S.K.: 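First the structure, which I've put down as structure tokens, then a few questions once you've had a look.
Because the structure is predicted, anything quoted here is derived from the model rather than measured. Note that these values count all heavy atoms, side chains included, but never hydrogens, waters or copies made by symmetry. Letters A, B, ... mirror the listed sequences (proteins, then strands); counts begin at 1.
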There are 2 protein chains.
Amino acid sequence: MTKSSTTVRQRIVAGAADMISRRGLNATSIRETAKHARAPLGSTYHYFPEGKQQLVTEAVRYTGAWTAGSLRKELQAGPVAGLRAFLALWRKIVVDSDFRAGCPVLAVSVEEPPTDEPPASLLAAADVFTEWENLLAGSLREHGAEPRQAAQLATLIVAAVEGTVAMCRAKRSTQPLDDTAEQLQALVLAAIEG
Amino acid sequence: MTKSSTTVRQRIVAGAADMISRRGLNATSIRETAKHARAPLGSTYHYFPEGKQQLVTEAVRYTGAWTAGSLRKELQAGPVAGLRAFLALWRKIVVDSDFRAGCPVLAVSVEEPPTDEPPASLLAAADVFTEWENLLAGSLREHGAEPRQAAQLATLIVAAVEGTVAMCRAKRSTQPLDDTAEQLQALVLAAIEG
DNA sequence: GCTATGCTATGACGATCGTCATAGCCGGTG
DNA sequence: CACCGGCTATGACGATCGTCATAGCATAGC
């Protein structure tokens, strides 16, 4: 495995995550992800032998890990700073894309395959959500929040942000994000002071 | 227009909303919506001459109106009762479908078409979200909440519920919904008492 | 220089998609 | 009874999908 091949692989994964965040899972084709990464179609099945399912799963995990890393770093300055960074991160994605992009993890979560068992990509999405919640809940506990309150508030934050990003896209406005930002910030402040 | 034809039309719209809430927008084909409603494929383009776009838009509005009607009724018993009914409504959909169904309005909001201008279905989704927010905000104001606080909290509620439903699907658990329910209920109580 | 290995290039397969055209049925009107 | 308009039935169209097979290239080790 040469160094450039690793780059091509990462470009495909990152591009797939971006395309899924814009058009959704089913409207993102293997052909277009390859074209977007300037890679031949055949290479896709060289790097991802298990096909689209594998690529989607890696795209979800890639987004999850990248966001978790940013969140972990910003949480070092406290829960409020972490929340603000988390909100700013998604706000930038929505604004920079002119309300065309959202969260690929959410997109994967709302499109179910016809199979009975949940696919690997959906399990990855659940793991990503849980990881984000755990980071937030841990920081809240470290700053004095009750464990139960910390866990519930962390879930509310992740859910609200995901939902708000989708609402911003539909409304073509950042107003929902600004509204929930203010509400969530007050909540976090109350939780770590009570 | 006979009476039975209206019923067929409504069956197609309601079925499309259900399928979109499960598989997403792009994985819901006109053929399968027709089959699901036991209607011939040709009839679909008789009832919806503008094609899939029209059917999807009507499915979004159908879900929005149905939910708004339920919400309006339950809000007569106050904001807390309305919130609980709103949460119970989505909880029932998630549980009854064995974590396979979610909100079709959210599904439409996260799948963008390749066109420049937002399609009618996305505008309908934005209207639905706004309608739900207005209902909640109005009830909050009537019970003593500050107008600004009422509007922000209403946005948070809608966004959190939409996000939480998606998280419940991914995690195959109602835990997120129960967590946010408790948090939101406390918030509403504080808003109408402060 | 030769060969093995990793990646590219190309094209095909069956399936399904949205859309549309056209012909037939069927009940109510005159 | 004839007729006509709403609805059904059927089949086709071009396009695109995921997937795969195979042949070509290029580079690194011997």
S.K.: Where the side chain of S29(B) is concerned, which of dG18(C), dC17(D), dG18(D) is the nearest nucleotide?
M.R.: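 When the side chain of S29(B) is considered, dG18(C) is the closest of dG18(C), dC17(D), dG18(D).
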S.K.: If we count only N and O atoms by modelled type, under 3.5 Å, do the side chains of D179(A) and Q183(A) hold a donor and an acceptor together?
M.R.: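 Side chains of D179(A) and Q183(A): no pair found under 3.5 Å.
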S.K.: Could you tell me whether E131(B) and R72(B) make a salt bridge, using a distance below 4.0 angstrom between a side-chain N and a carboxylate O?
M.R.: yes
S.K.: Return whichever of S43(B) or G51(A) has its heavy-atom-nearest nucleotide of DNA chain D closer to the 5' end.
M.R.: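 Closer to the 5' end of DNA chain D: S43(B).
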S.K.: What's the closest nucleotide to the Y45(B) side chain, out of dC20(C), dC7(D), dA9(C)?
M.R.: dC20(C)
S.K.: Using atom CG of L55(B) as one end and atom P of dT19(C) as the other, report the distance to the nearest whole Å.
M.R.: 10 Å
S.K.: What is the distance, rounded to the nearest whole Å, between atom CG of L41(A) and atom P of dA9(C)?
M.R.: 11 Å
S.K.: Would you call E74(A) and R84(A) a salt bridge, taking side-chain N to carboxylate O under 4.0 Å as the test?
M.R.: no
S.K.: Return the value, rounded to whole Å, for the distance between atom NZ of K52(B) and atom C1' of dT16(C).
M.R.: 12 Å
S.K.: Nearest whole angstrom, please: distance from the P of dC17(C) to the CG of N26(B).
M.R.: 12 Å
S.K.: What's the CD1-P distance between I30(B) and dT16(C), to the nearest Å?
M.R.: 17 Å
S.K.: Can you figure out which of dC17(D), dA9(C), dG11(C) approaches the side chain of P40(A) most closely?
M.R.: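 The nucleotide sitting nearest to the side chain is dA9(C).
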S.K.: Name the closest nucleotide to the H46(A) side chain, picking from dC7(C), dT8(D), dT19(C).
M.R.: dC7(C)
S.K.: Can you tell me the distance, in whole Å, between the NZ atom of K35(A) and the P atom of dT8(C)?
M.R.: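 Taking atom P of dT8(C) as the reference, NZ of K35(A) is at 16 Å.
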S.K.: So, E111(A) and R169(B), do they make that salt bridge, N to O below 4.0 Å?
M.R.: no
S.K.: Below 4.0 angstrom, N of the basic side chain to O of the carboxylate: do E32(B) and R23(B) qualify?
M.R.: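 Salt bridge flag = yes for R23(B) with E32(B).
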S.K.: Using a 4.0 Å heavy-atom cut-off, does T28(B) contact any base of the nucleic acid, only the sugar-phosphate backbone, or nothing at all?
M.R.: sugar-phosphate
S.K.: Take atom CZ of R38(A) and atom P of dC7(C), then tell me their distance rounded to the nearest Å.
M.R.: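 Rounded to whole Å, this separation is 18 Å.
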S.K.: Quick check on DNA chain C: between A39(A) and R31(A), whose nearest nucleotide comes earlier from the 5' end?
M.R.: A39(A)
S.K.: Would you classify T44(A) as touching base, sugar-phosphate or nothing, given that sugar-phosphate means primed atoms plus P, OP1 and OP2, and contacts are heavy atoms under 4.0 Å?
M.R.: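 No contact at all - T44(A) keeps every heavy atom at 4.0 Å or more from the nucleic acid.
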S.K.: In whole Å, what is the span from the OH atom of Y47(B) to the P atom of dG5(D)?
M.R.: 18 Å
